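Below, read A as the first sequence line, B as the second, and so on, with proteins coming before strands; counting in each chain starts at 1. Quick note: numbers below take in every heavy atom, side chains included, and nothing from hydrogens, waters or symmetry partners. Just so it is clear, the model here is predicted, and its values are computed rather than measured.
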Protein chains: 2
Amino acid sequence: MSINGNELLQVFEALANPHRLRIVAALREQRKYVSELAREVRMSRPLLYLHLQRLEAAGLVTGNLELSDSGKAMKFYELADFEFHVTSETVAEATKTLQEPPSSKTNEEEE
Amino acid sequence: MSINGNELLQVFEALANPHRLRIVAALREQRKYVSELAREVRMSRPLLYLHLQRLEAAGLVTGNLELSDSGKAMKFYELADFEFHVTSETVAEATKTLQEPPSSKTNEEEE
DNA sequence: TACATATGTAATAAAATTATTACACATGTA
DNA sequence: TACATGTGTAATAATTTTATTACATATGTA
């Protein structure tokens with residue numbers, strides 16, 4: 001069983017942004033909490049949240065809300081283990097199971 | 001030597017779209033000319049051109065203008081050979097050589 | 001209490017991507 | 001000549017993504 005088309009698409013979408021590549025690289029050293037990471041990659045927290053959400057939705061990182069020793073809430077993000085082999089073959093295979101969300105003009109008229 | 005950060009980003013950007021995944025899959029069987037491919041993936045030619053350009057810019061496909069037997073111009077696109085191993089390690093490695101275009105507020109003020 | 005540091009989100013603006021429409025030009029065939 | 005089929009692109013519209021600003025809430029320490 002290979003990866004689902006929509007999942008693979010989500011992975012590509014998640015990685016198709018320089019900030020998010022940097023976030024992945026930054027998390028490689030060790031897990032980090034959001035504010036800490038924001039300082040490191042020099043990004044506002046709200047924006048970082050957005051990027052983290054995309055990475056998490058794609059399954060590339062996971063977030064965990066924890067309490068520090070002093071009792072303060074900290075949200076830690078860490079990398080997930082992921083490994084994709086990308087060739088025209090694996091892309092074509094995954095694409096078989098690719099489906100657009102059932103919106104738009106799916107089956108209005110054929111010719 | 002591994003892949004350059006900006007090149008890898010361009011690959012992800014190219015693959016981060018359902019139409020383009022389908023185009024890759026369609027070209028897997030054999031090379032096709034633009035109008036032919038447009039019919040197959042049910043897309044207007046101008047739009048297909050845009051997507052093909054992105055794929056070509058990323059090095060995933062190549063285009064060739066040829067003359068058919070009858071003398072009509074035909075632009076054939078075919079898949080390039082590509083293979084990427086995507087893990088947090090390869091992403092982090094490539095990210096080292098990632099650079100934003102020298103615009104925006106690169107070095108306005110540090111703190 | 002005031003301040004620094006956390007999390008979290010809503011509203012809005014800005015920018016980039018995607019999509020459509022309307023062209024121009026060329027060749028082969030009826 | 002008229003029509004079908006090909007390439008190619010410019011202008012514009014629509015949509016999505018990215019980014020900013022302004023909040024609210026909570027904890028620990030001076």
Would you list the protein and nucleotides 25-29 of chain D atom pairs, both N or O, that sit under 3.5 Å from each other?
from	atom 1	to	atom 2	distance (Å)
D:dT27	O3'	A:Ser70	O	3.4
D:dG28	OP1	A:Ser70	O	2.2
D:dG28	O5'	A:Ser70	O	3.4

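- No donor-acceptor distance shorter than 3.5 angstrom exists from the side chain of B:Glu7 to the backbone of B:Ala58, with no hydrogens or angles considered.
- Look at OH on A:Tyr33: it is 12 Å from C1' on C:dA4, rounded to the nearest Å.
- Across all strands shown, B:Leu65 has heavy atoms under 4.0 Å from sugar-phosphate atoms exclusively, and none from any base.
- Contact annotation: B:Asn17 side-chain N/O to C:dT17 OP1/OP2 distance is not under 4.0 Å.
- Panel note: side chain B:Thr90, backbone B:His85; a donor-acceptor pair is recorded below 3.5 Å.
- In this structure, the CG atom of B:Leu48 is 12 Å from the C1' atom of D:dT7, given to the nearest Å.
- With rounding to whole Å, A:Leu50 atom CG is found 11 Å from D:dT16 atom C1'.
- Looking at heavy atoms from C-beta onward, A:Arg20 lies out of side-chain contact with A:Leu15 at the 4.5 angstrom threshold.
- Using a 4.0 Å cut-off, no side-chain N or O of B:Ser44 falls inside it from OP1 or OP2 of C:dT21.
- End-to-end axis angle of the helix from C:dT1-D:dA30 to C:dA30-D:dT1, from C1' rotation axes over five pairs per end: 10° (rounded to 10 degrees).
- Applying the 4.0 Å criterion to OP1 and OP2 of D:dT9, one finds that B:Arg45 has every side-chain N and O outside that range.
- Dense packing is recorded around CD of A:Glu36, with more than 12 heavy atoms of other residues, nucleotides or ligands lying under 6.0 Å away.
- Ring geometry for A:Tyr33 against A:Phe76 counts as perpendicular: the plane angle is over 60°, on a 0 to 90° scale with 30° as the lower cut.
- Comment: B:Lys96 engages B:Glu93 in a salt bridge, judged by a side-chain N to carboxylate O separation of less than 4.0 angstrom.
- Rounding to whole angstrom units, CG of residue A:Leu37 and P of C:dG8 are separated by 14 Å.
- C:dA15 atom P lies 14 Å from atom NE2 of A:His19, rounded to whole Å.
- Note on B:His51: a side-chain N or O is less than 4.0 Å away from OP1 or OP2 of C:dA19.
- Closest approach to the B:Leu47 side chain among D:dA19, D:dT7, C:dA19 is made by C:dA19 (side chain taken as heavy atoms from C-beta onward).
- Taking atom CG of A:Leu21 as the reference point, atom C1' of D:dT18 lies 15 Å away to the nearest angstrom.
- With B:Glu66 as the partner, the salt bridge (charged side-chain N to carboxylate O under 4.0 Å, His left out) test is satisfied by one option alone out of B:Lys72, B:Lys75, B:Arg31: B:Arg31.
- Per the geometry, CG belonging to A:Leu52 stands 15 Å off C1' belonging to C:dT9, to the nearest Å.
- We find that OH of B:Tyr49 is positioned 5 Å from C1' of D:dG8, with the value rounded to whole Å.
- Closest contact between the side chain of B:Pro46 and the listed nucleotides D:dT18, C:dT20, D:dT7 involves C:dT20.
- Side-chain atoms of B:Arg54 never come within 3.5 Å of backbone atoms of B:Val11 as a donor-acceptor pair (strictly under, hydrogens ignored).
- Of the possible polar contacts, one joining the A:Thr97 side chain to the A:Gly5 backbone as a donor-acceptor pair under 3.5 Å is found.
- Mapping B:Lys75 and A:Glu13 onto DNA chain D by nearest heavy atom places B:Lys75 at the nucleotide closer to the 5' end.
- Linking ILVMFWY residues whenever their side-chain heavy atoms come closer than 4.5 Å, directly or via other members, places A:Met43 and B:Leu9 in the same cluster.
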